[in-house]
Protein chains: 2
Amino acid sequence: MTTQDVNELRTYLQQTAKRVEDVLIKSLPQEQVNPILQEAMAYSLQAGGKRMRPIMTLTACEAVGGNTVQALPAAAAIEMIHTYSLIHDDLPAMDNDDYRRGKLTNHKVYGEAMAILAGDGLLTHAFHTLVHGSGKEQVAPEVILQLVQELSAYAGPTGMVGGQAYDLQAEKQRVDLAGLNHIHTHKTGDLIVCSLRAGAMIGGANPAQLAAISTFGYCIGLAFQIQDDILDVTGDEKMLGKKTNSDEKLSKSTYPQLLGIEKSKQTVQALTDEGKQALMEAGLTDEKRLLQLADFLVKRES
Amino acid sequence: MTTQDVNELRTYLQQTAKRVEDVLIKSLPQEQVNPILQEAMAYSLQAGGKRMRPIMTLTACEAVGGNTVQALPAAAAIEMIHTYSLIHDDLPAMDNDDYRRGKLTNHKVYGEAMAILAGDGLLTHAFHTLVHGSGKEQVAPEVILQLVQELSAYAGPTGMVGGQAYDLQAEKQRVDLAGLNHIHTHKTGDLIVCSLRAGAMIGGANPAQLAAISTFGYCIGLAFQIQDDILDVTGDEKMLGKKTNSDEKLSKSTYPQLLGIEKSKQTVQALTDEGKQALMEAGLTDEKRLLQLADFLVKRES
């Protein structure tokens, strides 16, 4: 990408994140909700982050020629799911993190019990947002039903939650490269794939396009995770807003440990290329943004 | 009820619970799921209990002349939601219970982290079961969409999770009767109402019938909770399979504390009568079972 491309992409990312954030907060229940619970849910929803998943939803919708306004509720729902998973992941019984993105984690502010409930609340409300919001935006009923099935599968026991369970077990035993791929395919990859597929489905993608977008998602998701592991070794603590080497402290297996830094970087590049290739052969309306997004995500330094 | 009625009702409850349990286990993902996570989810799903909520779903469906086979996926989804809420409620950061229904709680068997994930997995998979299963049983798409919205609202931040948040706060401060009603209306009542409404909607209830069934649900739900508080004071530890007086130990407000045992019992009866009255005026196809269920639930001794 040229410098101009990068600047233009940054503007797109900022504007799109802003669109998502506006919908996110509006999508929370406005009344008849416990005020502390409401605050705890909003705290983590508003704690920043790249909004990578909802941006992917909107970008995939646009890539197949869809109307991104229709994809906003799905984008918000997916960010709620992502946010709940971070709240629960940070709990003392899980990763026991005090900070995320430079801010206190949910349970450090609201206590463990309320953090568990805030996570449960966001997870449950994600499905409400998906169905209620998509209905208001005139997404076809059969597409909404398909979206609920996909989100619950990619985020549930066969998807993200399953990946987290594998990750838990990996704390107690060394895993090989196949095992690590399996963990990250589910823990990180599944929700990224779901984000892209949701946008594409709302935008009216055909089955071949959906399949290509899934391949793209798995490749980028895995590349993103390997990059995360690399940054965890090489990154600057302040830039990441969390403690580096936290996985190593828990003696978890990581890509740099298994492959070394150089080989890890090569794998990131190979996966990115593979994902982009699948996308370029899919006959999308305009794949440019998704391709840029892939490069941007895996070349990030924080 | 005559002794014959009671015996006949017991048989109905056992048979209906069995139907639900068969669907529950079949509804768990059968492949591509982490084996320990799968075991942890199945452990709590199979840990017994009265199956009150799914039985209400099927009974409400029948009461409006519907086909209960069509309501089985919704019944299973609601029991998954109920089960996840118990797993998270029992966690050390919440009620810190070691036993439930005479069995070790989920986190005592699988550890806290896996118990959190088992709860998250069941909650997420409930929506999959609801949509996928109901679709297979030919429930109309617009009804399934309505069911997802209702389940996510009654179980989420404006419903059950909100009630749990109020309950948490009540541990730190005394609440009055209105406050206690508010907690239980959401913490217990909302999912009971949802169970009944789901069955009735699938069975084709009209709006007036649905409204009457909601009133019935709120009355019975609150009566059930007050009865629970009464049993917590008067009940036998072995019969309940959990420690009695556990709420008092945490100095939570309860109905017997605020009203005394006798007035609490009168309130249970008054609420039961009010709920039954609403139902009898609703012009259902056959309300007999629901009326029996109400009596049975609030007159239980465990």
Side-chain angles (χ1 to χ4, degrees), chain A residues 28-29 31-38 40-41 81 84-85 88 91-94 107 111-132 135 141-142 144-146 148-149 151-153 155-166 168-169 171 186, chain B residues 28-29 31-38 40-41 81 84-85 88 91-94 107 111-132 135 141-142 144-146 148-149 151-153 155-166 168-169 171 186:
Chain A
L28 278 184
E31 46 190 37
Q32 293 192 306
V33 57
N34 179 284
I36 307 286
L37 177 69
Q38 174 87 339
M41 293 192 299
I81 298 265
Y84 113 76
S85 78
H88 282 188
L91 286 167
M94 306 277 281
H107 65 274
E112 275 184 66
M114 193 59 83
I116 293 170
L117 293 179
D120 292 343
L122 284 170
L123 167 52
T124 313
H125 194 66
F127 288 99
H128 198 267
T129 302
L130 178 62
V131 172
H132 184 71
E142 62 272 19
I144 303 178
L145 285 173
Q146 192 59 33
V148 177
Q149 287 195 63
L151 184 57
S152 56
T158 55
M160 185 181 71
V161 174
Q164 287 170 309
Y166 283 113
L168 265 190
Q169 292 181 287
E171 283 176 14
H186 293 297
Chain B
L28 279 184
E31 45 190 39
Q32 294 192 305
V33 56
N34 179 285
I36 307 288
L37 176 68
Q38 173 87 340
M41 294 192 298
I81 298 265
Y84 113 76
S85 78
H88 282 188
L91 286 168
M94 306 279 282
H107 65 274
E112 273 184 67
M114 193 59 82
I116 293 169
L117 293 179
D120 293 343
L122 283 171
L123 168 52
T124 314
H125 195 66
F127 288 100
H128 198 267
T129 301
L130 178 62
V131 172
H132 184 70
E142 62 273 19
I144 303 178
L145 286 173
Q146 192 57 35
V148 177
Q149 287 195 65
L151 184 57
S152 56
T158 54
M160 185 182 71
V161 173
Q164 288 170 310
Y166 283 113
L168 264 189
Q169 291 181 286
E171 284 175 16
H186 293 299

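Just so we're on the same page: letters track the sequence lines, and every chain starts at 1. Heavy atoms only: backbone and side chains are in, while hydrogens, waters and symmetry mates are out.
For B:Leu168, the part sitting under 4.5 Å from any heavy atom of chain A is the side chain, from C-beta outward, and nothing else. Interface residue A:Ile36: only side-chain heavy atoms are found under 4.5 Å from chain B. With a 4.5 Å cut-off on non-hydrogen atoms, B:His88 touches chain A through its side chain but not through its backbone. With a 4.5 Å cut-off on non-hydrogen atoms, A:Leu145 touches chain B through its backbone and its side chain both. A:Met160 does not touch chain B: none of its heavy atoms, backbone or side chain, sits under 4.5 Å away. For A:Ile81, no part lies under 4.5 angstrom from a heavy atom of chain B.
Taking both residues in full, the closest heavy atoms of B:Thr158 and A:Glu31 are given as CG2-O, 3.8 Å, listed atom of the first, atom of the second, then distance. For the residue pair B:Pro29 and A:Pro157, the shortest heavy atom distance occurs at CG-CB, 3.9 Å.
Between the side chains of A:Asn34 and B:Gln169, at least one donor N or O lies within less than 3.5 Å of an accepting N or O.
The residue among B:Ile116, B:Leu28, B:Leu91 with the most heavy atom pairs within less than 4.5 Å of chain A is B:Ile116. Contact count against chain B (heavy-atom pairs under 4.5 Å) is highest for A:His132 among A:His125, A:Gln32, A:His132, A:His186. Heavy-atom pairs under 4.5 Å with chain A were tallied for B:Gly163, B:Gly156, B:Gly159, B:Ala113; the largest tally goes to B:Ala113.
Here OH of B:Tyr166 is found 9.0 Å from CG of A:Leu37. Values are rounded to the nearest 0.5 Å. Atom CD1 in B:Ile144 sits 8.5 Å away from atom CD in A:Gln149 (nearest 0.5 Å). Atom CG of A:Asp120 and atom CD of B:Gln164 lie 7.0 Å apart (nearest 0.5 Å). How far OH of A:Tyr84 is from OG1 of B:Thr124: 4.5 Å, rounded to the nearest 0.5 Å.
Every residue two or more places apart in sequence or in another chain was checked for a side-chain hydrogen bond (donor to acceptor under 3.5 Å, both in side chains) with B:His128, and none qualifies.
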